[in-house]
Amino acid sequence: MTIRVSVQTAAFSMDAERARLMQGAHEAGGVGAFLGVVRGGAGLRALTLEHYPGMTESMIGRIAAEAQARFGLLGCTIIHRVGRLGVGEPIVLVLCLAAHRAAALDATAFVMDWLKTRAPFWKREEFEDGRTAWVDAREADDAAAARWARDGRAG
Amino acid sequence: MTIRVSVQTAAFSMDAERARLMQGAHEAGGVGAFLGVVRGGAGLRALTLEHYPGMTESMIGRIAAEAQARFGLLGCTIIHRVGRLGVGEPIVLVLCLAAHRAAALDATAFVMDWLKTRAPFWKREEFEDGRTAWVDAREADDAAAARWARDGRAG
Amino acid sequence: MEGVPVITILYFAWLRDRLGRSSESMPLPEGAWYVGDVIRTLAERDGDYRLVFGPQGGAIRCAVNQEFAGPDDGVREGDEVAFFPPVTGG
Amino acid sequence: MEGVPVITILYFAWLRDRLGRSSESMPLPEGAWYVGDVIRTLAERDGDYRLVFGPQGGAIRCAVNQEFAGPDDGVREGDEVAFFPPVTGG
């Protein structure tokens with residue numbers, strides 16, 4: 001089991017991360033993935049992501065370890081960018097390596113739901129007219145994360 | 001809505017396909033993805049994938065259109081390789097672009113389940129000792145696809 | 001053979017390996033004709049055809065003009081009728 | 001200040017913007033001390049602190065030594081106590 005966690009300003013490559021994750025994992029059948037990007041609309045120009053250094057890495061590492069245990073993953077990569085990101089730019093990449101597709105995709109959804117509610121990141125929106133505003137947390141994200149606690153699929 | 005279907009022998013790039021899928025889709029929030037690879041074990045050396053040209057493309061196109069309608073996708077890319085592929089090599093890539101992560105990941109699972117049961121591909125295994133054998137269809141795949149018919153999540 | 005209505009039959013995967021061919025033409029008798037009739041006609045042949053299409057054969061799927069089809073689906077002149085094992089892609 | 005037990009307080013996102021600082025030290029009185037006590041102490045200050053930590057303030061989360069914590073969690077000398085809005089990553 002390989003867990004790789006990175007909080008970075010730089011862009012990332014899905015191909016490079018996929019190759020790194022799969023290195024030597026001959027029993028792997030597939031990689032589930034989610035790539036989150038800055039969604040445009042309502043005059044949004046960019047987001048600035050801030051985080052709590054130290055706590056971020058530790059919480060993400062725990063989320064990855066929890067996913068590994070629940071879904072029997074062979075590996076998990078979580079990369080989260082910080083800093084200023086324009087509309088359409090990638091924010092987050094989750095890759096979950098498993099023997100079978102159901103585990104890989106369920107684990108990916110699990111990681112994203114927990115990232116949204118447990119990892120200390122905050123987004124500030126910047127609009128075309130120069131206005132900025134901190135993004136409010138969505139109740140829907142708490143609900144999405146909570147379903148893993150009552151869900152029969154795992155644990 | 002952009003649907004891209006390709007059946008090819010060549011390798012593919014997740015980064016290039018992701019960029020192509022997202023081109024101009026400013027309302028997109030994320031990409032759900034699955035990359036299937038040749039799983040090793042039991043002395044397996046390679047798989048050879050055969051398909052039914054014409055019917056394959058038409059069935060995959062329909063699966064993508066069905067996913068778009070059910071999950072409100074902004075785009076869907078399905079690339080399936082044919083020919084001889086060694087252990088660890090990518091076989092299939094599914095990318096589903098949506099405004100929100102749940103739709104993107106659910107659609108990815110939906111596409112994979114239907115690909116396994118409706119797209120006319122066949123795999124022949126080739127072992128270290130030179131033996132070859134056609135892979136039997138898994139009943140688990142029929143069950144996975146059937147759940148979308150009774151599942152309340154969509155249609 | 002001019003004037004005789006025919007269908008094209010395609011074989012994939014282990015069916016093709018076993019029968020030693022990937023396609024053939026089959027003349028179509030007069031009257032209504034169904035996928036089930038094509039299977040029975042093939043099963044009545046000797047050797048490998050009987051093994052593949054007879055009651056001892058493995059699981060087989062069929063498509064007519066690239067649409068999945070069952071024994072009760074009709075077959076007409078010029079149709080492409082494909083036989084293959086359950087699919088194993090993805 | 002030598003010898004006086006202190007904790008470090010961190011502020012993130014709109015709390016930091018509103019308070020105009022990202023961190024500060026707070027002396028710790030004698031006896032048992034909890035996150036709720038820290039919040040009350042900050043809310044009793046003037047101006048922006050009262051707006052942020054008082055009953056009219058927005059939703060706030062807390063972490064003690066980088067673990068999520070609630071009002072009943074203890075605080076000890078040298079602890080890092082962080083206040084921030086509900087998270088919005090991913």
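A, B, ... follow the sequence lines: proteins, then strands. Residue 1 opens every chain. Everything quoted here is computed from the prediction, not taken from an experiment.
Of the residues considered (C:P85, C:G58, C:G90, C:P86), C:G90 shows the highest number of contacts with chain B, using heavy-atom pairs under 4.5 Å.
Here ring-ring contact (aromatic ring centres under 6.0 Å, His included) pairs that include residues 89-108 of chain B, with residues two or more places apart or in two chains, number zero. For residues 6-22 of chain B, the salt bridge (charged side-chain N to carboxylate O under 4.0 Å, His left out) pairs, not counting sequence neighbours, are B:R4-B:E17.
Among all heavy-atom pairs drawn from C:V87 and B:A137, the shortest one is O-CB, 3.7 Å.
If you measure heavy-atom distances from C:A63 to chain B, the contacts under 4.5 Å come from the side chain alone.
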Enumerate, including both backbone and side-chain atoms, all donor-acceptor pairs under 3.5 Å from chain B to chain C.
{"unit_1": "B:E50", "atom_1": "OE1", "unit_2": "C:R16", "atom_2": "NH1", "d": "3.0"}
{"unit_1": "B:E50", "atom_1": "OE1", "unit_2": "C:R16", "atom_2": "NH2", "d": "2.9"}
{"unit_1": "B:E50", "atom_1": "OE2", "unit_2": "C:A13", "atom_2": "N", "d": "2.9"}
{"unit_1": "B:E50", "atom_1": "OE2", "unit_2": "C:R16", "atom_2": "NH1", "d": "2.6"}
{"unit_1": "B:Y52", "atom_1": "OH", "unit_2": "C:E80", "atom_2": "OE2", "d": "2.4"}
{"unit_1": "B:M55", "atom_1": "N", "unit_2": "C:Q66", "atom_2": "OE1", "d": "3.0"}
{"unit_1": "B:R62", "atom_1": "NH1", "unit_2": "C:E67", "atom_2": "OE1", "d": "3.3"}
{"unit_1": "B:R62", "atom_1": "NH2", "unit_2": "C:E67", "atom_2": "OE1", "d": "3.0"}
{"unit_1": "B:R62", "atom_1": "NH2", "unit_2": "C:E67", "atom_2": "OE2", "d": "2.6"}
{"unit_1": "B:H80", "atom_1": "NE2", "unit_2": "C:G90", "atom_2": "N", "d": "2.8"}
{"unit_1": "B:F121", "atom_1": "O", "unit_2": "C:T88", "atom_2": "N", "d": "2.7"}
{"unit_1": "B:W122", "atom_1": "NE1", "unit_2": "C:P85", "atom_2": "O", "d": "2.8"}
{"unit_1": "B:K123", "atom_1": "N", "unit_2": "C:T88", "atom_2": "OG1", "d": "3.0"}
{"unit_1": "B:K123", "atom_1": "NZ", "unit_2": "C:T88", "atom_2": "O", "d": "3.2"}
{"unit_1": "B:K123", "atom_1": "NZ", "unit_2": "C:G90", "atom_2": "O", "d": "3.0"}
{"unit_1": "B:W134", "atom_1": "NE1", "unit_2": "C:D17", "atom_2": "OD2", "d": "2.8"}

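No more than 12 heavy atoms of other residues, nucleotides or ligands shown are found within 6.0 angstrom of CD on B:Q23.
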